[in-house]
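We're numbering straight along the sequence, starting at 1. These figures come from a predicted structure and were not determined experimentally.
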Amino acid sequence: MANSNDKSGSDVTPQTKVLHLGRAPAEQHGFVNTPVYRGSTVLYPTLEKLKTRTQPYTYGRRATPTTNALEQAITELEGGATTILTSSGLAAVSTALLAFVQSGDHILVTDSVYQPTRAFCDKLLSRLGVETTYYDPMIGGKIADLIKPNTRLIFVESPGSQTFEMQDLPAIAQIARAKDLWLLADNTWASPLLCNPLKLGADISIQAATKYIVGHADAMLGTVTANARASRHLDNAKEALGTCPGSEETYLGLRGLRTLDVRLQRHMVSALEMARWLEARVEIARVIHPGLPSHPGHAIWKRDFSGASGLFAAVLKPVSETALAAFLDHLKLFGMGYSWGGYESLVIPFDPVPYRTATKWTDAGPALRFHIGLDNVDDLKADLAAGFARMGSA
Ligand SMILES: *Cc1c(COP(=O)(O)O)cnc(C)c1O
């Protein structure tokens with residue numbers, strides 16, 4: 001259900017599209033933005049309409065003009081056939097997986113996957129009789145060796161959560177297509193502006209819209225976009241599971257979209273500068289940012305992505321817990337907390353050792369994940385430099 005006055009023809013760039021998709025001022029009395037439609041019940045004017053459901057909106061859970069606007073915008077940006085919205089990024093992941101699996105299936109999931117995705121596979125899918133094998137994110141086309149007769153799908157997330165391994169999506173897609181498997185990609189790090197997994201051969205692209213699309217740390221939201229061959233499965237899952245986000249959250253997704261490109265450009269430039277600055281610090285053992293030539297997946301990033309977002313990791317040389325706390329506890333601009341993708345800068349320690357099963361994490365020092373927000377980079381460097389000084393004297 002496209003907005004008929006939509007000015008976002010496919011002849012313009014994505015940078016312009018994010019400004020125009022999903023809104024039709026002429027249909028809203030000239031107001032620039034699509035309003036927040038709150039609603040459950042939709043009234044039918046006649047018995048015939050009720051029986052045939054031949055009106056654009058039938059029930060609040062299925063669609064409102066607000067949800068349609070965001071779905072349409074994301075579909076266009078991801079280059080897909082259909083999009084569903086969910087109440088969180090994790091709900092987008094779980095809905096997407098449930099759309100394809102059945103009891104007795106086997107699935108292949110990257111070892112670098114977002115940890116709650118892993119928990120969903122281990123704790124819920126396993127109960128439904130779906131077996132998960134985690135694979136080395138760098139496996140590429142060799143994933144063919146892990147495919148069993150009952151393998152249903154491959155799940156990729158590139159770069160990986162926390163550890164930022166780059167996956168060779170086109171190579172994996174070639175195998176998936178040859179073996180008639182579904183290929184699902186969590187595209188949250190890049191957003192639809194910096195990578196389009198569907199164009200690289202995936203069937204499904206997932207966004208934790210909570211992150212860059214909402215962009216202000218003020219709402220939970222998820223999106224799942226399917227190509228034509230996968231869309232029926234996704235629509236059926238949405239109908240069966242009843243997934244739908246709140247009206248305000250949907251609106252905040254639409255609003256975030258308008259500044260997504262300018263925010264990402266700033267996140268990219270600042271994060272690359274901070275990554276290079278950290279790489280030169282004596283306290284740092286290594287920086288893990290796909291946009292740096294030192295990253296083992298740098299060539300894949302250059303080939304498949306049109307930019308980088310603000311999230312990367314750095315490993316410290318071994319320090320005591322007290323010294324680490326001295327660094328983290330008194331930062332003024334960097335907050336410590338989960339999630340990312342908002343305007344604010346964040347840092348959080350992580351340890352992949354307890355949950356990885358297919359790959360080994362061998363770094364000796366503590367690992368930190370940085371989200372570089374929209375702050376001035378000189379201010380951010382000063383904040384971290386003061387932290388390193390505290391760490392040194394702890
Ligand atoms: C945050 C995140 C999610 C989950 O999103 P929520 O909105 O927090 O549920 C899923 N995948 C990735 C890669 C994420 O970073």
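Listed for the Gln28 side chain is no donor-acceptor partner under 3.5 Å among the backbone atoms of Gly30. Remark: the backbone N or O of Ala226 is not paired with any side-chain donor or acceptor of Asp203 at under 3.5 angstrom. The backbone N or O of Ile107 sits nowhere less than 3.5 Å from a side-chain atom of Arg152 that would complete a donor-acceptor pair. With hydrogens and angles ignored, the 3.5 Å screen pairs a side-chain donor or acceptor of Ser231 with a backbone N or O of Ala228. The backbone N or O of Asp378 lies less than 3.5 Å from a partner atom in the side chain of Asn376, making a donor-acceptor pair. Distance alone, capped at 3.5 Å, is enough to place a donor-acceptor pair between the Ser306 side chain and the Leu193 backbone. A distance-only check finds a donor-acceptor pair linking the side chain of Thr86 to the backbone of Ala92 [under 3.5 Å]. Between the side chain of His29 and the main chain of Phe31, no donor-acceptor pair closer than 3.5 Å is present.
A side-chain donor-acceptor contact under 3.5 Å links His106 and Thr151. For Thr188 and Gln207, the side-chain atoms include no donor-acceptor pair closer than 3.5 Å. For the residue pair Thr66 / Arg38, no side-chain donor-acceptor distance below 3.5 Å is found, with atom types taken as modelled. Remark: the Thr359 side chain and the Asp136 side chain contain no N/O donor-acceptor pair separated by less than 3.5 Å.
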Solution key, residues 249-260 side-chain donor-acceptor pairs under 3.5 Å, sequence neighbours excluded:
| from | atom 1 | to | atom 2 | distance (Å) |
| --- | --- | --- | --- | --- |
| Thr250 | OG1 | Gly246 | O | 2.8 |
| Arg258 | NH1 | Val18 | O | 2.8 |
| Arg258 | NH1 | Leu21 | O | 2.8 |
| Arg258 | NH2 | Leu21 | O | 2.9 |
| Thr259 | OG1 | Gly256 | O | 3.4 |
| Thr259 | OG1 | Arg263 | NE | 2.9 |

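Residues Ser345 and His371 have side chains not in contact (no heavy-atom distance under 4.5 Å, counting atoms from C-beta outward). With a 4.5 Å cut-off on side-chain heavy atoms, Leu324 and Leu368 count as touching. In this structure, the side chains of Leu85 and Thr67 come closer than 4.5 Å at one or more pairs of heavy atoms. Here the side chains of Val224 and Thr83 are not in contact, with every heavy-atom distance at 4.5 Å or above. Proximity of Leu97 to Cys121: side-chain heavy atoms (C-beta onward) are separated by under 4.5 Å at one or more points. Residues Leu292 and His298 have side chains not in contact (no heavy-atom distance under 4.5 Å, counting atoms from C-beta outward). Side chains of Glu239 and Asp235 form no contact here, defined as non-hydrogen atoms less than 4.5 Å apart. In this structure, the side chains of Glu78 and Pro197 come closer than 4.5 Å at one or more pairs of heavy atoms.
Put simply, Tyr114 and Met166 are part of two different groups of oily side chains (I, L, V, M, F, W, Y) that touch within less than 4.5 Å, one to the next. Hydrophobic clustering of Ile, Leu, Val, Met, Phe, Trp and Tyr side chains at less than 4.5 Å, counting indirect connections, keeps Phe155 apart from Phe164. A single hydrophobic cluster is not seen to contain both Val315 and Trp277; linkage of ILVMFWY side chains at heavy-atom distances under 4.5 Å, directly or through other members, places them apart. No continuous path of ILVMFWY side-chain contacts below 4.5 Å connects Ile300 to Phe312, so the two sit in separate hydrophobic clusters. One hydrophobic cluster, built from ILVMFWY side chains closer than 4.5 Å, cannot hold both Leu198 and Ile206; they sit in different ones.
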Should Leu264 and Ser191 be marked as a side chain to side chain contact (heavy atoms under 4.5 Å, CB included) after you check the CA-CA gap, both sets of side-chain angles, and the distance that decides it?
-> CA-CA 9 Å; Leu264 279 174; Ser191 93; 3.3 Å; yes

Check the pair Met336, Asp329 against side chain to side chain contact (heavy atoms under 4.5 Å, CB included), reporting the backbone distance first and the verdict last.
-> CA-CA 9 Å; Met336 218 184 337; Asp329 285 354; 4.2 Å; yes

Passes side-chain hydrogen bond (donor to acceptor under 3.5 Å, both in side chains), Ser294 versus Glu279? Steps please.
-> CA-CA 10 Å; Ser294 58; Glu279 224 172 20; 2.7 Å; yes

Side chain to side chain contact (heavy atoms under 4.5 Å, CB included) assessment of Arg356 paired with Thr163 = CA-CA 11 Å; Arg356 290 286 183 116; Thr163 47; 2.3 Å; yes

Take Asp351 and Arg369 through the salt bridge (Lys or Arg N to Asp or Glu O under 4.0 Å) test and state the conclusion after the steps.
-> CA-CA 10 Å; Asp351 179 11; Arg369 188 187 69 189; over 6 Å; no

For the pair Leu77 and Asn196, evaluate side chain to side chain contact (heavy atoms under 4.5 Å, CB included) and give the outcome as yes or no after the intermediate values.
-> CA-CA 8 Å; Leu77 293 173; Asn196 292 122; 5.8 Å; no

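When the side chain to side chain donor-acceptor pair (under 3.5 Å) test is applied to Arg118, the partners found at least two apart in sequence or on another chain are Asp111, Thr357. Scored by the ring pair (Phe, Tyr, Trp, His ring centres under 6.0 Å) test, Trp340 finds Tyr212 as partners (sequence neighbours excluded). Remark: His295 engages no residue in a ring pair (Phe, Tyr, Trp, His ring centres under 6.0 Å) (not counting sequence neighbours). Every ring pair (Phe, Tyr, Trp, His ring centres under 6.0 Å) that Tyr343 has, sequence neighbours left out, goes to His216.
Open room surrounds CZ on Arg232; 12 or fewer heavy atoms of other groups in view lie less than 6.0 Å from it. By the neighbour-count criterion of 12 heavy atoms within 6.0 Å, atom NZ of Lys317 is densely surrounded, having more than that number from other residues, nucleotides or ligands.
If you take CZ on Arg62 and CD1 on Ile84, they are separated by 14.0 Å, rounding to the nearest 0.5 Å. To the nearest 0.5 angstrom, Arg61 atom CZ is 7.0 Å from Cys244 atom SG. In this structure, CG in Asp383 is found 6.5 Å from CZ in Phe334, a value given to the nearest 0.5 Å. With rounding to the nearest 0.5 Å, the separation of OH in Tyr355 from OG in Ser161 is 7.5 Å. The distance from atom CZ of Phe120 to atom CG of Leu125, rounded to the nearest 0.5 Å, is 4.0 Å. Considering CE of Met268 and CD of Gln265, their distance stands at 4.5 Å, rounded to 0.5 Å.
Using cut-offs of 30° and 60° for the angle between ring planes, the Trp182 and Phe100 rings count as tilted.
If you chain together ILVMFWY residues whose side-chain heavy atoms come under 4.5 Å of each other, Ile143 ends up grouped with Leu108, Tyr135, Ile139, Leu146, Ile147, Ile154, Val156, Leu169, Ile172, Ile175, Leu181, Leu183, Leu200.
A salt bridge does not link Asp261 to Lys17: none of the charged nitrogens lies less than 4.0 Å from a carboxylate oxygen. Under the 4.0 Å criterion applied to side-chain N and carboxylate O atoms, Lys148 and Glu131 are assigned as salt-bridge partners.
For the pair Lys199 and Phe305, the cation-pi criterion (under 6.0 Å, within 45° of the ring axis) is not fulfilled.
The minimum heavy-atom distance linking Ala81 with Thr75 is given by the pair C-CG2, 3.7 Å.
If you look at Phe327 and Phe388, their ring centroids are closer than 6.0 Å.
Each of Leu278, Leu380, Leu311, Ile348 was checked for a side-chain contact (heavy atoms from CB on, under 4.5 Å) with Phe370, and the lone residue meeting it is Leu278.
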